[in-house]
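See structure below.
None of these values were measured; they are calculated from a predicted model. Letters A, B, ... mirror the listed sequences (proteins, then strands); counts begin at 1.
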There are 2 protein chains.
Amino acid sequence: MTSTDVARETGLSRATVSFVLNDTPNQSIPQATRQRVLEAAARLGYTPYAPARTLRSGRSDLIVCELPDWPQSPTMAEFVDRAGEVLAEAGYTLVTHVHTDRPGGLGRLCAALAPAAVFGMRPFPPQDVEAMRRARVGVILPPPQAGSGDDLGASVWTTGIGRMQAEHLIAKGHTRIACALPDDPRVSDLSAGRAAGAAQACADAGLPAPARSPVPLDIDGAAGVVSAWRASPDAPTAVCAYNDEVALALLAGMRRLGLSAPGDLAVIGADDIPAARFAAPPLTTIALDSGDLGAHLARALLRTLDGEEQDLTLAPHGVHVVERESA
Amino acid sequence: MTSTDVARETGLSRATVSFVLNDTPNQSIPQATRQRVLEAAARLGYTPYAPARTLRSGRSDLIVCELPDWPQSPTMAEFVDRAGEVLAEAGYTLVTHVHTDRPGGLGRLCAALAPAAVFGMRPFPPQDVEAMRRARVGVILPPPQAGSGDDLGASVWTTGIGRMQAEHLIAKGHTRIACALPDDPRVSDLSAGRAAGAAQACADAGLPAPARSPVPLDIDGAAGVVSAWRASPDAPTAVCAYNDEVALALLAGMRRLGLSAPGDLAVIGADDIPAARFAAPPLTTIALDSGDLGAHLARALLRTLDGEEQDLTLAPHGVHVVERESA
DNA sequence: CTGAAAGCGCTAACAG
DNA sequence: CTGTTAGCGCTTTCAG
């Protein structure tokens, strides 16, 4: 099933077949011939062989999206789905790659794929960037040279969410706020960003900067952190959790101590995982529309592929608080 | 940075370069020359261009793994990581594709990649299988013709887990068991499999088959289901939940009704999501070692690629109950 | 309007 | 031991 087969079947040349199959412009081919080719291709189940096409044209229609390996929100599928849809409309094919601590994985993948572009939600390690460059990858998002502060999506994944959490708590009348961070090193830059967003909101409201405490992901450990907070001179009355998991840990720790939210301590999470609504009390959290975000990012990527220089800072699309009972 | 560049740099021919770079057997090339080529390739940062290599050799080193879109366990990354590692050792490169309800996605991906193999955890739709065949995909796992009962991993993802849940409850002395299924149609075949596993365990123990109830993923809905169970003539004393999310929903529903586990009703989940340990009471659940499973599956795939006909039924690798307090 | 021909980067017979 | 050469499937000038 090659284009030669279609040519033989129709009694035309491979060139003509190629013309109609790609409807090449400036090529006046009679409807009859065109029809004949299309029909034969369909009948034979012809599919162009991607490697040959890529070799010839010098450009691949593949785009790689690196997925984070941190605890996945169940909406990751939506993100990929919508991003893939937008890219498909533009003639690209999205493939995903789940991030690994094993170094060089992305680099090897790019060598094997020679994709047109690679994007992800965090900066790539220099080693991988180098490999991508060698693999002729055209566009990399976030751009390797970008500073860590203002790069792709910082506003959405990090500072924007932290800010929104703190603003909600402040609106509820809280003035002493803490930040609960995971002790997982993989997300240290993200958690720092969120805490920074919360700090900004506090500063804007004339409040002191929130204390930052790492919270172990077990009940005893979380209870320990809560006790420490309450024993401190300026005991916080509310806490921004890095995500719903640490929020759930906090709630469980409080329960063990006989405390409850929001009375003893208000808790707000982030991600709106399915378990959030089933917590005791149901967890107030920040949700973001992953699908929207995926589409948004994909469009930004397409613009970059078209050579448009652009501002990569994203407006926090569809980010909103889901108010339940814990804050 | 093509092999021509390396040839020019070393003053050799492209053929010679190719020979040493792929260390082609039956080709006696002096160490000196060999060294010269390797050194030049490294210095120039030469990376073979995959599409050309694939076109020429007729075989790609890509393997596609389709990831489910149902609520992801946080261990999906481990699965992919270990599977990728095993495949990489054999010279293959793993790329992932997140499943979408949008039809034909996998098919289009395969057309764009021409991978050596495709594997996933559920049978592929016939439409995609057809596209894969056209895209020259050599091996498909699970094989399209396999029956739904005994296909790839059924024992691990479905019946095996359900069986283990029921066996745990039976060991605790329960004799009237229910199955709580999600009402999400995307997982209906999986949930049926798990319920079947639970039913087997009950049958083996001489107990009546468990009732199956769909559980809505909200507190009121879950509470309604619990009430209905308790009002029924043979009220169950324990329930196998399809996964931790529905287990959490059940626990929340019980809490609303003033009931608690395991006293009023024992609940066992599946997946051991991070939130499970923070539930009230902490959730007893079934965990499986995703990394092991990934490696196991990858090895099975490699054997199939080597043409070995084989039994695809997997032993439940690393599946075990995590006993907390809810059952 | 259609066909012949060149060539993308790479590999593998086959000569030298 | 190394170089020449053909060709993978496809697109795209350039002639007819």
Taken in chain and number order and not counting sequence neighbours, the residues that satisfy salt bridge (Lys or Arg N to Asp or Glu O under 4.0 Å) with B:D128 are none

Hits for salt bridge (Lys or Arg N to Asp or Glu O under 4.0 Å) against B:R59, two or more places apart or cross-chain, chain-then-number order -> none

### Message
Check this for me: does any side-chain nitrogen of one of B:E78 and B:R82 sit under 4.0 Å from a carboxylate oxygen of the other?
### Response
no

ask   = Is A:D5 paired with A:R8 through a side-chain N to carboxylate O contact shorter than 4.0 Å?
value = yes

A:S60 meets the side chain to side chain donor-acceptor pair (under 3.5 Å) criterion, sequence neighbours left out, with none

The side chain to side chain donor-acceptor pair (under 3.5 Å) partners of B:T33 (sequence neighbours excluded) come to none

Between [atom2] on [N] and [atom1] on [X], what's the gap in Å once rounded to a whole number?
X: A:R34; N: C:dT2; atom1: CZ; atom2: C1'; answer: 13 Å
X: A:Q31; N: C:dT2; atom1: CD; atom2: P; answer: 11 Å
X: B:Y49; N: C:dG7; atom1: OH; atom2: P; answer: 18 Å
X: B:L55; N: D:dT11; atom1: CG; atom2: P; answer: 12 Å

Q | Check: B:R53 main-chain N/O paired with B:S57 side-chain donor or acceptor under 3.5 Å | A | yes

May I ask you to say what [X] touches in the nucleic acid, namely base, sugar-phosphate or nothing, with a heavy-atom cut-off under 4.0 Å?
X: B:P30; value: sugar-phosphate
X: A:I29; value: sugar-phosphate
X: B:T33; value: sugar-phosphate

Between B:L12 and A:T2, whichever has its closest DNA chain D nucleotide further toward 5' is B:L12

Under a 3.5 Å cutoff, is there a donor and acceptor pairing between the side chains of B:R36 and B:T10?
no

Within residues 35-43 of chain A, those residues having any heavy atom closer than 4.0 Å to DNA chain D are none

Its contact letters, B for base, S for sugar-phosphate only and - for none at protein heavy atoms under 4.0 Å, make nucleotides 11-16 of chain C read BBB---

Taken to the nearest 0.5 Å, the spacing of B:R108 CZ from B:L113 CG works out to 11.5 Å

